[in-house]
Peer 1: 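First the structure, which I've put down as structure tokens, then a few questions once you've had a look.
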Amino acid sequence: MDTRPIGIFDSGVGGLTVVKQVMKVMPHENIVYFGDTARVPYGTKSKDTVTKFSLQIIRFLQTKNVKAIIVACNTASSNSLEEMRKAFDLPIFGVVVPGVEAALRATKNGKVGIIGTAATVRSHAYEEMIQKKNPEIQVFSKACPLFVPLAEEGWTDNEVSSFAAKRYLTELVEKGIDSLVLGCTHYPLLKRCIGTTVGDAIKLVDPAKATAQQVMAFLAQQDQRNESETYGTRNFYLSDRTDMFGFLCQKALKQPYEAEIIDIEKY
Ligand code: DGL
């Protein structure tokens with residue numbers, strides 16, 4: 001039994017979609033969340049910058065005595081996971097491997113679509129991991145950068161998001177994919193719009209759930225689950241104030257939370 005919190009971070013507040021799954025799968029675990037709202041987006045930045053930011057954030061989370069880290073951000077997971085694991089003696093989980101495993105379970109015809117930020121697609125992390133696990137699978141990737149500001153604007157299912165979805169996703173549908181990985185923390189917020197655009201025959205894969213399950217299995221195996229009877233505490237930290245936090249708490253977590261603002265540059 002280990003009551004120390006799980007640290008979860010993202011480039012912004014999109015990672016609350018991952019917090020939602022962690023709360024569902026492990027309701028008794030304490031959670032410390034950091035969203036880098038002062039420096040979002042990561043999806044347009046270089047690998048070196050994303051790595052530098054990620055290492056700073058883990059140093060901050062260490063001050064909260066976390067027992068494990070979940071890198072909720074797909075951009076950081078695909079670009080900088082190795083560097084993070086090298087730098088810290090802590091279990092660090094990304095969203096790519098669980099997302100890939102979920103996609104491999106979902107596909108029947110061996111054609112998988114991946115959507116994410118430009119930096120995630122450029123890293124080829126999803127493709128390489130899929131190919132490593134099953135070289136027979138055909139992977140089609142597409143960066144959908146406008147989905148992030150659309151989700152942040154709350155335009156998750158209107159004519160603008162639907163137009164963007166058609167422009168981005170038609171080519172993947174035409175490739176004959178039968179499953180589509182939502183490889184960005186913001187995209188589950190547009191799930192309905194994406195689902196309507198690609199049609200029922202294409203399964204949408206959200207890596208968040210599989211990630212939460214992977215972490216749960218790891219903690220159980222290490223005898224590090226929090227076995228308290230009460231629900232875990234949830235503490236939220238941001239690097240800048242944003243109205244999006246309140247909006248997303250309501251949308252993803254269905255309850256209001258307060259966030260403390262910290263200066264991440266100090267870490
Ligand atoms: N959190 C990022 C991701 O999952 C999306 C937003 C950004 O570009 O920072 O890739």
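Ligands are counted one by one from 1 in listed order, and the atoms in each one are counted from 1 as well. Just so we're clear, the structure is a prediction, and the values are computed from it rather than from any experiment.
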Peer 1: Mind checking whether Asp10 contacts ligand 1 via backbone (N, CA, C, O), side chain (CB onward), both or neither, at a 4.0 Å heavy-atom cut-off?
Peer 2: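 It is the side chain that touches ligand 1; the backbone stays farther off.
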Peer 1: Using a strict cut-off of 4.0 Å, indicate which atoms of ligand 1 neighbour a heavy atom of His186.
Peer 2: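 Selected atoms, number and element: 5 (C), 6 (C).
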Peer 1: Sorted by first residue and then second, give each salt bridge (charged side-chain N to carboxylate O under 4.0 Å, His left out) pair with at least one member in residues 240-263; sequence neighbours left out.
Peer 2: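 The answer is none; no pair qualifies.
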Peer 1: Among all protein heavy atoms, pick the one closest to atom 10 (O) of ligand 1 and tell me residue, atom and distance.
Peer 2: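 The closest heavy atom on the protein side is Thr75 OG1, 2.6 Å.
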Peer 1: Does a salt bridge link Asp206 with Lys209, judged by any charged N lying under 4.0 Å from a carboxylate O?
Peer 2: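 Salt bridge flag = no for Lys209 with Asp206.
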Peer 1: Tell me whether Gly12 reaches ligand 1 (any heavy atom closer than 4.0 angstrom to a ligand atom).
Peer 2: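 Flag not set, Gly12 not near ligand 1.
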Peer 1: Starting from atom 6 (C) of ligand 1, find the nearest protein heavy-atom neighbour and note its residue, name and distance.
Peer 2: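 Atom 6 (C) of ligand 1 sits closest to the protein heavy atom Ser11 OG, 3.5 Å.
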Peer 1: With Tyr237 as reference, evaluate Phe60, Phe9, Phe34, Tyr257 under the ring pair (Phe, Tyr, Trp, His ring centres under 6.0 Å) test and give the passing residue.
Peer 2: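 Only one option passes, and that is Phe60.
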Peer 1: Holding to ring pair (Phe, Tyr, Trp, His ring centres under 6.0 Å), I want the full list of residues that pass it with His124, two or more places apart in sequence or in another chain.
Peer 2: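 For His124 there are no ring pair (Phe, Tyr, Trp, His ring centres under 6.0 Å) partners, ignoring immediate neighbours.
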Peer 1: Below 3.5 Å, N or O to N or O, backbone or side chain included: is there any such pair between Val40 and ligand 1?
Peer 2: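 No; the residue has no nitrogen or oxygen that sits under 3.5 Å from a nitrogen or oxygen of the ligand.
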Peer 1: Heavy atom under 4.0 Å from ligand 1: found in Thr117's side chain, backbone, both, or neither?
Peer 2: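 For Thr117, the contact with ligand 1 is made by the side chain alone.
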Peer 1: What protein heavy atom sits nearest atom 5 (C) of ligand 1, and how far off is it?
Peer 2: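 Going atom by atom, the protein heavy atom closest to atom 5 (C) of ligand 1 ends up being Cys184 SG, 3.4 Å.
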Peer 1: Answer with yes or no whether Gly116 contacts ligand 1, where contact means a heavy atom under 4.0 Å from a ligand atom.
Peer 2: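 Judged by the 4.0 Å heavy-atom criterion, Gly116 does not count as contacting ligand 1.
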Peer 1: For Asn79 and Tyr42, which I'm curious about, is there any donor-acceptor pair between the side chains at under 3.5 Å?
Peer 2: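 On atom types as modelled, these side chains do not qualify, holding no pair under 3.5 Å.
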Peer 1: Give the atom numbers and elements of ligand 1 that come within less than 4.0 Å of a heavy atom of Tyr42.
Peer 2: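 Those qualifying, in numeric order: 7 (C), 8 (O), 9 (O).
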Peer 1: Determine, considering heavy atoms only, which of Val148, Val95, Val121, Thr185 sits nearest to atom 4 (O) of ligand 1.
Peer 2: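 The nearest heavy atom belongs to Thr185.
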Peer 1: Give a yes-or-no answer on whether the side chains of Thr233 and Asn30 include a donor-acceptor pair shorter than 3.5 Å.
Peer 2: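 Asn30 and Thr233 do have a side-chain donor-acceptor pair below 3.5 Å.
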Peer 1: Hey, is Arg192 close enough to Asp157 for a salt bridge, meaning N to O under 4.0 Å?
Peer 2: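 Result for this pair is yes, salt bridge flagged.
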Peer 1: Using a cut-off of 6.0 Å, state whether more than 12 heavy atoms not belonging to Tyr231 lie near its atom OH.
Peer 2: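 Incorrect, the count does not exceed 12.
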Peer 1: Using a strict cut-off of 4.0 Å, indicate which atoms of ligand 1 neighbour a heavy atom of Gly43.
Peer 2: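 Going through ligand 1 atom by atom, the ones under 4.0 Å from Gly43 are 7 (C), 8 (O), 9 (O).
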